[in-house]
**Q** 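The structure is given below, and queries will be raised subsequently.
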2 protein chains.
Amino acid sequence: MPTHYSGTRAEMRTLDTFIKLTRCTNSLFARLSEQNTLGDLTPSQFAVLEALYHLGSMTQGEVSTKVLKSGSNMTTVIDNLERDGFVRRERDAKDRRVIYVHLTGAGKKKLEAILPGHIAALVEEFSILSASEMEMLGNLCKKLGKGKIK
Amino acid sequence: MPTHYSGTRAEMRTLDTFIKLTRCTNSLFARLSEQNTLGDLTPSQFAVLEALYHLGSMTQGEVSTKVLKSGSNMTTVIDNLERDGFVRRERDAKDRRVIYVHLTGAGKKKLEAILPGHIAALVEEFSILSASEMEMLGNLCKKLGKGKIK
DNA sequence: GTCAAATAGTTTGATGTAGAAATATTATCG
DNA sequence: CGATAATATTTCTACATCAAACTATTTGAC
């Protein structure tokens, strides 16, 4: 892929890899979004419901951490999910600063309706890679994602 | 990484790879953003200026394509860049539907002030991978990003 | 016990994002 | 030539996103 930048060999290599990584995830997510595998949920809403489904009820702060988003927008996302009846807020009686978020029956039902199709779409997309290629990609991503320990 | 999902082996493998890829790019971008290598530009603004810098003046639609964003928000991004004096709009005399976007002197200066640090940060982040690992990652991303030809 | 610091969540303001409908302009078909 | 289709951009609406300032509550140091 062209980078149109004249730098050292290491710089060229890095930019090239960075661009490929970025384009890969961008177009992968674009294709998934086209297939509309999340029903009418936004990606954030889906991520929150999925976290609650697999990991159980959590405080709002824990949800933020799991979903890797800042606390300030978690409020909005959960506001909207609550409005649609998919989650329920409950203030902790012991520590009244804390708010627990629970999946409602409707939320569970919603997610169970969506999840199989979503997974099928992922499997389909990744089927272009062999098992060992996926493993290789996973390991490289893990290494790069972890970053340097300083 | 735990997926908490009981599926077939292929499903598990896919989800595991998908999660690693997602986390990798998320935390990579988070670390880059922490280092503030884009000055006070937003990622979108930076991407637009960079495209204009490396590829020259373009129509607004071409910028959208290069930056992989929808046309409707390109208007806003370029509005803000124009407000800050980094780009200039110019309506095509021949086809008056078209708007050309040019980098101004201030925009060029801004980008040239930012680019070296940005590249250095990238090189530093990717230096955890060897040259051959980067190549491998790049190839896998290219393959996955391209998707199946249908 | 009281006051300061820490913690959980909300609000606000600026920006980005996508999709759909609207507008303006140009191209094309009959 | 004129109606219609295609193209480029904008507007509108809803949501997401972050940072910073704010409220409420709890904890800890003295």
Side-chain angles (χ1 to χ4, degrees), chain A residues 22 25-27 29-49 57-84 86-102, chain B residues 22 25-27 29-49 51 57-84 86-101:
Chain A
T22 306
T25 52
N26 277 346
S27 56
F29 275 90
R31 289 200 302 272
L32 287 171
S33 141
E34 267 172 31
Q35 296 179 55
N36 210 35
T37 60
L38 304 186
D40 42 7
L41 295 176
T42 68
S44 285
Q45 291 175 340
F46 175 77
V48 170
L49 291 191
S57 298
M58 285 182 276
T59 70
Q60 203 163 300
E62 285 169 339
V63 177
S64 297
T65 308
K66 290 294 173 199
V67 175
L68 292 170
K69 298 291 151 61
S70 84
S72 45
N73 51 26
M74 208 65 261
T75 300
T76 318
V77 174
I78 291 182
D79 278 351
N80 291 331
L81 283 173
E82 194 173 34
R83 176 203 58 196
D84 298 338
F86 297 140
V87 303
R88 185 169 49 79
R89 277 184 168 102
E90 188 182 14
R91 201 167 272 280
D92 187 355
K94 289 171 189 164
D95 186 341
R96 294 184 40 72
R97 294 170 303 183
V98 174
I99 291 182
Y100 272 91
V101 187
H102 305 282
Chain B
T22 307
T25 52
N26 278 345
S27 56
F29 276 90
R31 290 200 302 272
L32 287 172
S33 140
E34 267 173 30
Q35 294 178 60
N36 211 35
T37 59
L38 304 186
D40 43 7
L41 295 176
T42 67
S44 286
Q45 291 175 341
F46 175 78
V48 170
L49 291 190
S57 298
M58 286 182 275
T59 71
Q60 203 163 297
E62 286 169 338
V63 177
S64 297
T65 307
K66 291 294 173 201
V67 175
L68 292 169
K69 295 294 149 62
S70 85
S72 45
N73 50 29
M74 207 66 259
T75 301
T76 317
V77 174
I78 292 183
D79 278 350
N80 290 330
L81 284 173
E82 195 172 33
R83 176 203 58 196
D84 297 339
F86 297 139
V87 303
R88 187 169 48 78
R89 277 184 169 103
E90 190 182 12
R91 201 167 273 278
D92 187 355
K94 290 171 190 165
D95 186 341
R96 296 183 39 72
R97 293 169 303 182
V98 174
I99 291 183
Y100 273 91
V101 187

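Lettering follows sequence order; numbering is per chain, from 1.
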**Q** How long is the line joining CG of D40(B) and P of dC18(D), in whole Å?
**A**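 So the two atoms are 18 Å apart, to the nearest Å.
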
**Q** Taking C-beta and beyond as the side chain, do V77(A) and M74(A) meet within less than 4.5 Å on heavy atoms?
**A**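 Heavy-atom side-chain distance check passes, below 4.5 Å.
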
**Q** From dA16(D), dT26(C), dA8(D), pick the nucleotide closest to the side chain of R96(B)?
**A**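 For R96(B), the side-chain atoms sit closest to dT26(C).
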
**Q** If I take atom CE in residue M58(A) and atom P in nucleotide dA8(C), what distance separates them, rounded to the nearest angstrom?
**A**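 So the CE-P distance, M58(A) to dA8(C), works out to 15 Å.
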
**Q** Salt bridge check, D92(B) against K94(B): does any charged N sit closer than 4.0 Å to a carboxylate O?
**A**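 Salt bridge between K94(B) and D92(B), a charged N being under 4.0 Å from a carboxylate O: no.
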
**Q** Checking all strands, does G71(B) fall into the base, sugar-phosphate, or nothing category for heavy-atom contacts under 4.0 angstrom?
**A**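 Since a base atom lies under 4.0 Å of G71(B), the category is base.
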
**Q** Rounded to whole Å, how long is the line connecting atom CZ of F46(B) with atom C1' of dT15(C)?
**A**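 Rounded to the whole Å, the gap is 18 Å.
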
**Q** Any side-chain N or O of R89(A) below 4.0 angstrom from OP1/OP2 of dT10(C)?
**A**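 Yes, because at least one side-chain N or O of R89(A) sits under 4.0 Å from OP1 or OP2 of dT10(C).
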
**Q** Quick one: which of dT9(D), dT26(C), dT7(C) gets closest to the side chain of D95(B)?
**A**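 Side chain of D95(B) sits closest to dT26(C).
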
**Q** Whole angstroms only, please: what is the CE-C1' distance between M74(A) and dC15(D)?
**A**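 Rounding to the nearest Å, CE of M74(A) and C1' of dC15(D) are 13 Å apart.
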
**Q** With the side chain of S72(A) defined as its heavy atoms from C-beta on, choose the nearest nucleotide among dC18(D), dA6(C), dG9(C).
**A**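 Side chain of S72(A) sits closest to dC18(D).
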
**Q** Roughly how far, to the nearest 0.5 Å, is the CD atom of E62(B) from the OG atom of S57(B)?
**A**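 Atom-to-atom, S57(B):OG and E62(B):CD are 10.0 Å apart.
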
**Q** Examine dC15(D): is either OP1 or OP2 under 4.0 Å from a nitrogen or oxygen in the side chain of R83(A)? Give yes or no.
**A**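 Checking dC15(D) against R83(A), a side-chain N or O does come within under 4.0 Å of OP1 or OP2.
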
**Q** Just how far, in rounded Å, is P of dT12(C) from CG of D79(A)?
**A**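 In whole Å, dT12(C) P and D79(A) CG are 12 Å from each other.
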
**Q** Do V87(A) and L49(A) make a side-chain contact, defined as non-hydrogen atoms from C-beta onward lying under 4.5 Å apart?
**A**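 Yes, close enough: below the 4.5 Å cut-off.
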
**Q** Take atom CG of D92(B) and atom C1' of dT26(C), then tell me their distance rounded to the nearest Å.
**A**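 Spelled out: CG on D92(B) to C1' on dT26(C) is 12 Å.
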
**Q** Looking only at side-chain N and O atoms, does S44(B) offer a donor or acceptor that is under 3.5 Å from a partner on T42(B)?
**A**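 Their side chains do not contain a donor-acceptor pair, so the 3.5 Å distance test is not met.
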
**Q** Any donor-acceptor pair under 3.5 Å between the side chain of R97(B) and the base of dT7(D)?
**A**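 Under the 3.5 Å cut-off, the side chain and the base do form a donor-acceptor pair.
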
**Q** When all nucleic acid strands are considered with a 4.0 Å heavy-atom cut-off, which category describes S44(A): base, sugar-phosphate, or nothing?
**A**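 Touches sugar-phosphate only.
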
**Q** Identify whether any heavy atom of T42(B) sits under 4.0 Å from a base atom; if not, whether one sits that close to sugar-phosphate; answer base, sugar-phosphate or nothing.
**A**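 Sugar-phosphate contact only - T42(B) comes under 4.0 Å of backbone atoms but never of a base.
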
**Q** Is there a side-chain polar atom (N or O) of T76(A) under 4.0 Å from OP1 or OP2 of dC15(D)?
**A**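 Indeed not, no polar side-chain atom of T76(A) lies that close.
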
**Q** Pick the closest DNA chain D nucleotide for K94(A) and for N73(A) by heavy atoms, then say which residue is nearer the 5' end.
**A**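 Mapping each residue to its closest nucleotide by heavy atoms, the 5'-most match is N73(A).
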
**Q** Whole Å only: how far is the NZ atom of K69(B) from the C1' atom of dA8(D)?
**A**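 It is 20 Å, rounded to the nearest whole Å.
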
**Q** Of V77(A) and R91(B), whose nearest nucleotide on DNA chain D comes first from the 5' end?
**A**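 So the residue in question is R91(B).
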
**Q** If you pin Q60(A) and S33(A) to their nearest nucleotides in DNA chain C, which one's is more 5'?
**A**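 That would be Q60(A).
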
**Q** Would you kindly give the CG-to-C1' distance between D84(B) and dA14(C), to the nearest whole Å?
**A**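 Checked: the CG to C1' distance equals 12 Å.
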
**Q** Kindly compute the distance separating CG (N80(B)) from CD (Q45(B)), expressed to the nearest 0.5 Å.
**A**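 Here the rounded value is 6.0 Å.
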
